[in-house]
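The block underneath contains the structure these notes are about, expressed in structure tokens.
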Amino acid sequence: MNQVNSTILETRDVYIKYAGEAAVKGVTLPIYEKKITAIIGPSGCGKSTLLRSLNRMNDFIDMVTQEGEILYRGTDLYAPEVDPVEARLRIGMVFQRPNPFPKSIYRNVAWGPTINGLEGDMNLRVERALKQAALWEEVKDRLDDSALNLSGGQQQRLCIARALAMEPEVILMDEPCSALDPVSTARIEDLLFELKENYTIVIVTHNMQQASRVSDYTAFMESGILIEYGDTEQVFTRPAQKRTEEYVTGRFG
Amino acid sequence: MSVLATSRNRWGEYLLGKLFFFCAFISVITTVTVIAILAVETFGFFQEVSVSEFLFGTEWRPLLHPKAYGILPLLAGTMLIVVGSSLVALPIGLACAVYLSEYASEKARNIIKPVLEVLAGIPTVVYGYFALTFVTPVIRGMFESTQVFNAASAAIVVGIMVLPMVASLCDDALRSVPASLREGAYSLGATSFEVSARIVLPAALSGIFAAFVLAVSRAIGETMAVTLAAGATPNLTLNPLESIQTMTAYIVQVSLGDTPSGTLTYKTLFAVASLLFGITLLMNLLANHVMRKYQEVYE
């Protein structure tokens, strides 16, 4: 972890308000390329809100206002000339609960590339994405089945495959395992290690073991404020802040 | 003596229960009675007129000699109204619903929804007058051959009349699609239109179809506006600029006249009403069936 990291995403003094009430207060955070960054913290600390601002998913919530800059490779994502649709092509997302479309497995994965007119052999693209999401072996003989017939864990891996089929640079994951059983969770964690080779991942989790197992960097938030950010090993073993120590050792609150 | 009080003391509760049962019973009895009377009189009608003459005859002339009892002209009149009003109400109603559920801000929604409800609350006789005094002159301005009473004018106002229902039911159907599906689609780089047209609409299809069927069913049964604006000419035609008569308008015409009960003319009312009832019942059952069978199940 000592090689030089390049920053792909960066928040600079970001404030996000819901109907005037600040959910995120002055967060400055770098996201390094091809690393896994975990954002941890108690419920309601603003970690999901911050994550959603990274690919402009808060645009759909009427009451949200935002200040500060979010830079993607040096460009402000919120500059007036930036098309949010374009931003989401590069920065994909996996949600808290699996949300497959009520379509076949194949069409779920092919949907994004199709509407965006991505070039190349679609069958190949679907197969590659499903393989990367470690789902191919389970579904290769029933690609035309409805995605809604898959188990919860399979559905979530399908949603990861769906995001991967777009070949984004960054994948945002909002507590992707919170609705899953431990076996499915372990599979997705294994998957994260493999995806790190090619993708930058930002994962929000309230599961500290998960954060310490999978991530390279960890950010700890509380009440909308970024309390501590650093190397995961350092944050979990030698936290600089007392609040962080209390939280990661479970003596919180 | 038991340690618990007996329920005899709760006679108020008992009476209320009986009262509510009675109220529920009235509606059941009414429905059964209506169906029974329709069936008996319709049976009487078919003692004198053959089923095939009724269903396939091309002339409807129950009041003048020589008499003829072919329902097709009335069916054609009703169909003209249904098709015409559907052309107005279904696309505009659906578009309105898509706007309300996918594009409109909370603010715009809070203005448009009540306006739609007002539109739905206008008495149908007002729509009939509106057709006669406003829509018809406009159509006649465009097509000179248009008759004073014509199907097109009535169809347009019936369309406007059912539009709020279509919009409201389709809006419900679209909003029942979970927000998480929209977010999933947006996160894959979809535009609002792609999300609406390719994710939300297909997922809400059963509800939308049911809304359409109910709208058609309402247009079939609509009476006042078509009586006022479409005319009273049982005319087997597909030209919307001509005067026609619908099944409902015929029933109004004969009910208002001085037809003695027990005559064959009197019985035509029940034959036409039975057919009308059968068609709308079928449509409503279809809507129900579609809603239940094809409703997407979300977690």
Side-chain angles (χ1 to χ4, degrees), chain A residues 19 51-52 54-63 83-103 107-118 146-149 151-152 155-156 158-159 161-168 170-174 179, chain B residues 97-114 170-211 290-299:
Chain A
L51 187 79
R52 291 169 58 93
L54 299 180
N55 67 340
R56 297 195 58 168
M57 289 304 286
N58 287 332
D59 287 17
F60 306 114
I61 304 169
D62 276 349
M63 321 271 263
D83 179 2
V85 170
E86 194 66 26
R88 292 182 206 114
L89 290 178
R90 315 277 185 90
I91 307 169
M93 190 161 199
V94 176
F95 298 84
Q96 205 165 350
R97 298 184 66 87
N99 58 350
F101 303 134
K103 299 179 186 294
R107 290 182 58 188
N108 260 276
V109 182
W111 196 81
T114 306
I115 61 159
N116 288 297
L118 299 192
S146 168
L148 300 181
N149 294 337
S151 73
Q155 285 188 2
Q156 194 64 305
L158 179 66
C159 292
R162 192 172 70 178
L164 292 174
M166 295 296 298
E167 295 172 350
V170 183
I171 301 176
L172 309 176
M173 296 187 168
D174 188 0
Chain B
V98 169
Y99 172 74
L100 281 176
S101 102
E102 307 302 313
Y103 288 86
S105 66
E106 205 57 30
K107 226 175 174 179
R109 219 183 130 73
N110 288 341
I111 296 170
I112 295 169
K113 266 275 192 182
C170 288
D171 180 46
D172 291 345
L174 294 174
R175 286 169 72 87
S176 73
V177 175
S180 63
L181 283 189
R182 295 182 178 84
E183 292 202 323
Y186 277 120
S187 76
L188 295 169
T191 61
S192 289
F193 180 73
E194 285 160 347
V195 173
S196 309
R198 302 177 74 155
I199 295 294
V200 181
L201 271 180
L205 213 53
S206 64
I208 290 167
F209 185 72
V290 169
M291 284 272 238
R292 284 209 195 126
K293 181 152 187 206
Y294 298 101
Q295 196 105 62
E296 288 292 352
V297 184
Y298 302 106
E299 270 183 75

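Computed from a prediction, not measured in an experiment: that's the story for all the values here. Letters A, B, ... are given to chains in the order of the sequence lines, protein chains preceding strands, and every chain is numbered from 1. Basis for what follows: all heavy atoms, side chains included, without hydrogens, waters or symmetry-related copies.
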Evaluate whether atom CZ of B/R109 has more than 12 neighbouring non-hydrogen atoms of other residues, nucleotides or ligands under 6.0 angstrom away.
yes
Check whether B/A179 gets within reach of chain A through its side chain, its backbone, both or neither, counting any heavy atom under 4.5 Å.
neither
Region of [X] in contact with chain B, defined by heavy-atom distances below 4.5 Å:
| X | answer |
| --- | --- |
| A/M166 | side chain |
| A/P100 | backbone |
| A/T114 | side chain |
| A/R90 | neither |

Within the 3.5 Å criterion, strictly below it, is a donor on A/N58 or A/R52 matched to an acceptor on the partner's side chain?
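A/N58 vs A/R52: donor-acceptor pair found between side chains.
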Mark yes or no for whether A/R162, through its side chain, and A/N108, through its backbone, hold a donor-acceptor pair below 3.5 Å.
no
For residues 171-206 of chain B, which residue pairs pass the ring-ring contact (aromatic ring centres under 6.0 Å, His included) check, not counting sequence neighbours?
A/F60-B/Y186
Please list all pairs meeting salt bridge (charged side-chain N to carboxylate O under 4.0 Å, His left out) that have one or both residues in residues 192-201 of chain B, counting only residues at least two apart or in different chains.
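Every pair satisfying salt bridge (charged side-chain N to carboxylate O under 4.0 Å, His left out) with a residue in residues 192-201 of chain B: there are none.
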